[in-house]
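Notes to accompany the following structure.
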Protein chains: 2
Amino acid sequence: MNKPISIEKRQFSEDGDELCPMPDIAKLIGGKWKLIILQILIFRGMKRFNELRRMIDGVTQTMLTKQLRALEADGLVERKIYAEVPPRVEYRATKRAHDLEAVFLAMHDWWIKDNPPEKK
Amino acid sequence: MNKPISIEKRQFSEDGDELCPMPDIAKLIGGKWKLIILQILIFRGMKRFNELRRMIDGVTQTMLTKQLRALEADGLVERKIYAEVPPRVEYRATKRAHDLEAVFLAMHDWWIKDNPPEKK
DNA sequence: CCGGATCCCCTACGATACTG
DNA sequence: CAGTATCGTAGGGGATCCGG
């Protein structure tokens, strides 16, 4: 035991006690906005760009665009452009993202259970 | 307007309208090292400082100390100092941290299910 | 309405040295 | 062994302007 947990690649211990690669996961859903975006798209369904922007307090256009592009590149968000005037772009969670639902539910349960309401 | 679709009521707080606060959660378990540290302490039990350091590839003393202090301040890690020579300090996951187990398991399942093995 | 292109700042992160 | 103390850096994040 006590094998190194590589921050570059997934690695499992000998005894079958699998530790999945947190650094890789963090790359996909880490950062300041990705979890918020995914949460909305997963649990509240498709949103347009500005709709999303209004729902996420403090996010700028630039950052929202960047994060959405990154999520799209990782296959977590689907982007659909309508050739209209004014432009319309819809974002929705992919299947891969929807499979994250269990993670969000677990986080929610944890938050409710272990975090005092008045906690900063 | 953006009323919850309510796939799962659990995802929303008491007023039935709010998603649980991802930014707050990110504060607790975000960053480059916290998830790795927690994963080890939760699934492999108590570790000493240098033991932990050797298990986490690439972490420096400074960062490991900082992250452990932050986790301790948030009540996720317990620090036990033994007045011995040489010094011995033990770290273990608190109950609050152990309740995160479900989150890690959900992440693991997701990773196994939706991530191609050769994915960079 | 939905961005791209720039420029800039802050802080998370890290290298190194030193200590009880 | 298990830390602090300093100092330095990169890149994530942001403000602003411009365009289809």
Side-chain angles (χ1 to χ4, degrees), chain A residues 2 4-8 22-38 40-41 46-74 76-92, chain B residues 1-2 22-38 40-41 45-74 76-92 120:
Chain A
N2 288 348
I5 295 181
S6 168
I7 66 170
E8 300 300 341
M22 284 306 146
D24 292 346
I25 292 182
K27 284 241 172 161
L28 295 180
I29 62 178
K32 192 172 177 179
W33 306 110
K34 288 185 180 177
L35 281 178
I36 307 178
I37 296 171
L38 287 171
I40 292 176
L41 293 181
M46 182 273 294
K47 294 295 168 204
R48 298 180 56 175
F49 183 83
N50 275 340
E51 213 173 356
L52 218 39
R53 189 160 71 86
R54 281 189 296 269
M55 292 177 76
I56 303 176
D57 188 43
V59 76
T60 60
Q61 275 193 354
T62 310
M63 283 313 298
L64 184 53
T65 298
K66 276 191 195 172
Q67 301 305 309
L68 284 169
R69 288 292 180 282
L71 288 171
E72 193 189 2
D74 290 329
L76 292 172
V77 161
E78 184 191 1
R79 183 160 166 262
K80 203 167 194 174
I81 310 171
Y82 294 85
E84 301 175 357
V85 177
R88 189 165 103 247
V89 181
E90 294 181 349
Y91 294 93
R92 71 187 71 226
Chain B
M1 51 184 251
N2 295 320
M22 283 304 148
D24 292 345
I25 292 182
K27 284 250 171 159
L28 295 181
I29 62 177
K32 192 173 178 180
W33 305 110
K34 287 186 181 177
L35 281 178
I36 306 177
I37 296 170
L38 287 172
I40 292 176
L41 294 181
M46 181 272 291
K47 295 294 170 205
R48 299 180 57 172
F49 183 83
N50 276 339
E51 213 173 356
L52 218 41
R53 189 160 71 87
R54 281 189 296 269
M55 292 177 74
I56 304 177
D57 189 43
V59 76
T60 60
Q61 274 193 351
T62 311
M63 284 313 298
L64 185 53
T65 298
K66 274 191 195 172
Q67 301 304 309
L68 284 170
R69 289 292 181 284
L71 289 170
E72 191 190 2
D74 289 330
L76 292 172
V77 161
E78 183 192 2
R79 182 158 166 264
K80 201 166 192 175
I81 310 171
Y82 294 85
E84 301 175 357
V85 176
R88 188 164 104 246
V89 180
E90 294 181 350
Y91 292 93
R92 71 188 72 225
K120 157 57 197 24

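A, B, ... follow the sequence lines: proteins, then strands. Residue 1 opens every chain.
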Query raised in the report: Could you give the NZ-to-P distance, from A/Lys32 to C/dC10, as a whole number of Å?
Result: 13 Å

Query - Spacing of B/Met63 atom CE relative to C/dT11 atom P, expressed in whole Å - result: 15 Å

**Report entry** Rounded interatomic separation in angstrom, taking CD from A/Glu51 and C1' from C/dC2
**Finding:** 13 Å

Query raised in the report: Nearest to the side chain of A/Thr60, which nucleotide is it out of C/dC2, D/dG3, D/dG14?
Result: D/dG14

**Report entry** Check: B/Lys27 side chain, B/Met22 main-chain N or O, donor-acceptor pair, under 3.5 Å
**Finding:** no

Query raised in the report: Looking at the side chain of B/Thr65, which of D/dA2, D/dT4, C/dC13 is the nearest nucleotide?
Result: D/dT4

Query raised in the report: Can the positive tip of A/Arg79 be found less than 6.0 Å from the middle of the six-membered ring of A/Tyr91, inside 45° of the ring normal?
Result: no

Query raised in the report: Side-chain N or O of A/Tyr91 less than 4.0 angstrom from OP1 or OP2 on C/dC1?
Result: no

**Report entry** Side-chain N,O (A/Lys66) to OP1/OP2 (D/dG14) below 4.0 Å
**Finding:** no

Query raised in the report: Would you say D/dG3 has OP1 or OP2 under 4.0 Å from some side-chain N or O of B/Arg53?
Result: no

Report summary line: Taking for A/Pro87 and for A/Gln67 the nucleotide of DNA chain D with the nearest heavy atom, the one nearer the 5' end belongs to A/Gln67

Query - Protein-nucleotide distance (A/Leu68, atom CG; C/dG4, atom P), rounded to Å - result: 10 Å

Query - Any donor-acceptor N/O pair under 3.5 Å between C/dA5 base and A/Thr62 side chain - result: yes

Report task. Would you sort out whether A/Arg53 and A/Glu51 count as a salt bridge (charged side-chain N to carboxylate O under 4.0 Å, His left out), showing the intermediate values? Result -> CA-CA 5 Å; A/Arg53 189 160 71 86; A/Glu51 213 173 356; over 6 Å; no

Query - Contact under 4.0 Å: B/Arg79 side-chain N or O vs D/dG3 OP1/OP2 - result: yes

Query raised in the report: Looking only at atom types and distance, does a side-chain atom of A/Lys32 sit under 3.5 Å from a main-chain N or O of A/Val59, one as donor and one as acceptor?
Result: no

Query raised in the report: Does OP1 or OP2 of C/dC1 have a side-chain N or O of A/Arg48 closer than 4.0 Å?
Result: no

